[in-house]
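In what follows, a structure is listed as structure tokens, so that the remarks can point back to it.
Residue numbers begin at 1 in each chain, while the letters A, B, ... track the order of the sequences.
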Amino acid sequence: MANLEDVLAGLWAQLPGCRVAAVVGMDGLLVERHPSVAVGAALGSAPGGDELEYLAADLTTAFTLVGGELSKQLGSRVDELVALGESGGYLARRVDANLFLFVVVGATADLGVVRSSVAGVCEQLAAEFA
Amino acid sequence: MSGSLVDAERVDEADRSDAANGAAPAFEALLDELLAVRGATVAAVADGGGVVLAARAADEAALLRTTDVVTSALAAAAALTGLLEDGAVGGAGRSAVAAPRQVMVNLDDGPILLAPLTASDHVLVLALASEADIGRARFALKGILARSAKASGA
């Protein structure tokens, strides 16, 4: 089985403008992140440890809320959430029933590339965890 | 993980069963795998009474701290399980919540995860360095328990 940290490191490296890539449990707990808190602090661009944990918990709540009513409206499960701002954005995608992957990217990131890369990694992880 | 590994097998229980004696070596691979989880400081297997049958730790102090609280933590977990099974939470004698499959005790020097081993009354104990390690440890524990259950044919 691929090391989760290596998978995230690979995703982070292939996405220009990616600040952090992380896997979070549907219970809101951060499972793994890249870069690590120490390396992220040194780089100065990645969210800190506490900051990312709050973000992970908030995204879990968003997934749960959106996955509830919006799923009914759409008639299918919500698998991806994207939030964009002037200085960057978040993309969160469901890996399986228990996990989701999210990336925080800067304003220079190409959303199309981010989406396809994250989707590819999620498929890989889902296959490994199945 | 750096630091010397400390192996511990508590033998102060005069009536320790043969099964436990025989089980300790079988736990070695499991404990090694648990301790390899980043953030784990102690990995142990305890019986239902809280007696630590086998343990591995990054340092002896962490091992002592954990073994000291395992009995109390398991007693608390058992009490909670009893409460849920009796339906006290749901009221009217009906259980509203299933019995817990995992219990976490959050202490000042780091959380401790307790999870029953499938097909035995043994409990896996995993002490962690900080709360930030809980998600990773729970995820790893889930995989390790699933593989363990598969290997034992449970």
Side-chain angles (χ1 to χ4, degrees), chain A residues 1-9 12 20-41 46-61 63-64 92 94-103 121-122 124-130, chain B residues 1-3 29-30 32-41 43 58 77 80 84 96-116 118 124-151:
Chain A
M1 182 179 284
N3 183 305
L4 202 49
E5 201 178 357
D6 292 342
V7 172
L8 292 178
W12 181 80
V20 70
V23 169
V24 182
M26 281 297 181
D27 53 9
L29 294 173
L30 196 64
V31 173
E32 195 59 86
R33 61 170 282 170
H34 185 88
S36 65
V37 176
V39 175
D50 288 347
E51 200 182 338
L52 196 64
E53 284 182 26
Y54 288 131
L55 177 58
D58 284 349
L59 277 171
T60 309
T61 307
F63 246 128
T64 309
R94 193 188 296 270
V95 173
D96 58 24
N98 302 311
L99 296 172
F100 68 89
L101 186 154
F102 81 89
V103 292
V121 170
C122 285
Q124 178 196 341
L125 291 177
E128 290 194 23
F129 297 152
Chain B
M1 182 171 284
S2 62
L30 187 65
D32 284 342
E33 202 174 354
L34 281 170
L35 197 61
V37 175
R38 192 149 52 86
T41 55
L80 176 63
L84 294 171
V97 189
R101 284 188 297 179
Q102 191 179 84
V103 171
M104 184 187 74
V105 183
N106 208 350
L107 304 171
D108 284 343
D109 49 4
I112 297 177
L113 291 178
L114 304 165
T118 314
L124 274 181
V125 180
L126 188 62
L128 304 168
S130 81
E131 291 174 21
D133 301 313
I134 295 172
R136 182 188 307 114
R138 289 190 60 200
F139 176 68
L141 192 57
K142 194 175 169 186
I144 290 167
L145 284 172
R147 285 197 294 277
S148 170
K150 202 172 178 180

ask   = Taking non-hydrogen atoms and a cut-off under 4.5 angstrom, which of residues 21-28 of chain A neighbour chain B?
value = D27(A)
message = I need the R136(B) CZ to L30(A) CG distance, nearest 0.5 Å.
response = 8.0 Å
message = Counting only heavy atoms not in E131(B) (residues, nucleotides, ligands), do more than 12 fall under 6.0 Å from its CD?
response = no
note = Output for pair (F139(B) CZ, N98(A) CG), nearest 0.5 Å, gives 9.0 Å
N/O donor-acceptor pairs under 3.5 Å from side chains in residues 46-61 of chain A, not counting sequence neighbours:
from	atom 1	to	atom 2	distance (Å)
E51(A)	OE1	G48(A)	N	3.3
T60(A)	OG1	A56(A)	O	2.7
T61(A)	OG1	A57(A)	O	3.0

